[in-house]
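Keep in mind it's a predicted model, so treat the numbers as computed, not measured. Whatever order the structure lists them in is the order used to number ligands and atoms, beginning at 1.
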Amino acid sequence: MNTHNELQSTIADLVVKGKGILAADESAPTIAKRFKAVNLESTEENRRAYRSMLLETPNIGDYISGVILFEESLTHTTDNGIPLPQLAAQQGIVAGIKVDKGFLPLAGAAGDNITQGLDGLAERLLLYKEQGARFAKWREVYAISPTNPTCLGIEANAETLARYAAICQSVGMVPIVEPEVLLDGSHSIDRCYEVIEAVQHAVFHALYRHGVIFETMLLKPSMVIQGKDHPMKATPEEIAEKTLKELRRTVPAAVPSINFLSGGQTPAEATANLNAINSMAGNAPWLLSFSYARALQEPVLQSWAGKAENVTAAQAELYKRAKLNGAAQLGQYSSDMENN
Ligand code: 13P
């Protein structure tokens, strides 16, 4: 298959009505933090057991079309010796890989960050492809303050995302472009709107300059929401209205799917907000779906807590959240479904 056909077939497998992406690509420090919350040590064996369990959930492919893995998971196997990318494929799920190497402060732009990992990326992608990954993810992180992100921060991060996405497409890997605007802080929803709009304008301008083909990439943005310390909590309808307005202004219609991150919303909030977005989307040109980590995994981890006897209950939690978010992708979720 040539590179373009490869990209198109991956997009066709990932972009499916009623389905979304499971992000299970926490870096070593992040998964250690998540495990610590349930008193579990982050050993390689615990990480392998946990991520095998997620992908072994019976029929999870009903609502999940793709899974983003962390590097070590590509070489991990289940208790029965099945490599995780192969297990994903058996469940009808496309395996992907987080390829960025985390962020550092951006020199010259106090308060802004920049993500590392472009050097040698093409070679790494070829190895990940051999190991079964068909798409990649790269995250740039923007904190909101009265002065951040700066113009320089917005430009530099956009350039990095575009270089990453162009390299991915050149080797036949679909890039997920993730400009994450953080929920931390006391900013208003309108300030969040202003930042996301500026960030995404710059990102799509850079993607265009670097020749990235919009039809064979995915966007993973934050929703437009007030900071988590802001006194007024917006309703799902307000969040949906502002998120859709900003997306219509910044994202070309050629992009096939927008898969939101959850960013610290509770599982039920992330589902209700996605549902409101789809309920109000009208004839939006893109699929509007999810690529959640915490909002899918929080109840699963709490239920599992590292104990083999809890696997069935934990998998039931994952299936439930995936199903509810699948319904939200179709605008068919209601909060009473939480209790079934
Ligand atoms: P959350 O859904 O927990 O924000 O994680 C999504 C993700 O992949 C962040 O990079």
Between [X] and [Y], do the side chains contain an N or O donor and an N or O acceptor separated by less than 3.5 Å?
X	Y	value
Glu26	Tyr50	no
Glu6	Thr3	no
Thr115	Arg139	no
Thr78	Asn80	no

*Other than Tyr333, which residues form its hydrophobic cluster under the rule that side-chain heavy atoms must be closer than 4.5 Å?*
Leu324, Met337
Give the atoms of ligand 1, by number and element, whose distance to some non-hydrogen atom of [X] is under 4.0 Å.
X	value
Tyr292	2 (O)
Lys137	7 (C), 8 (O), 9 (C), 10 (O)
Ser262	1 (P), 2 (O), 3 (O), 4 (O)
Ala23	8 (O)

_Looking at ligand 1, would Gly263 count as a contact under a 4.0 Å heavy-atom criterion?_
yes
*asked:* Could you check whether any heavy atom of Lys220 sits closer than 4.0 Å to an atom of ligand 1, since that is the contact criterion I want to use?
replied: yes
*For atom 3 (O) of ligand 1, grab the closest protein heavy atom and report residue, atom and distance to one decimal in Å.*
Arg294 NE, 2.7 Å
Please state which part of [X] comes within less than 4.0 Å of ligand 1, counting heavy atoms only: side chain, backbone, both or neither.
X	value
Glu178	side chain
Ala293	both
Arg139	side chain

*Are Tyr63 and Tyr319 close enough that their ring centers fall under 6.0 Å?*
yes
*Between Glu41 and Arg47, is the closest basic N to carboxylate O distance under 4.0 Å?*
no
*Do any nitrogen or oxygen atoms of Arg34 come within less than 3.5 Å of a nitrogen or oxygen of ligand 1?*
no
_Show, in sequence, the C-alpha distance, side-chain angles and deciding distance for Asp190 and Ser188, and conclude whether the side-chain hydrogen bond (donor to acceptor under 3.5 Å, both in side chains) test is met._
CA-CA 5 Å; Asp190 290 331; Ser188 66; 5.2 Å; no
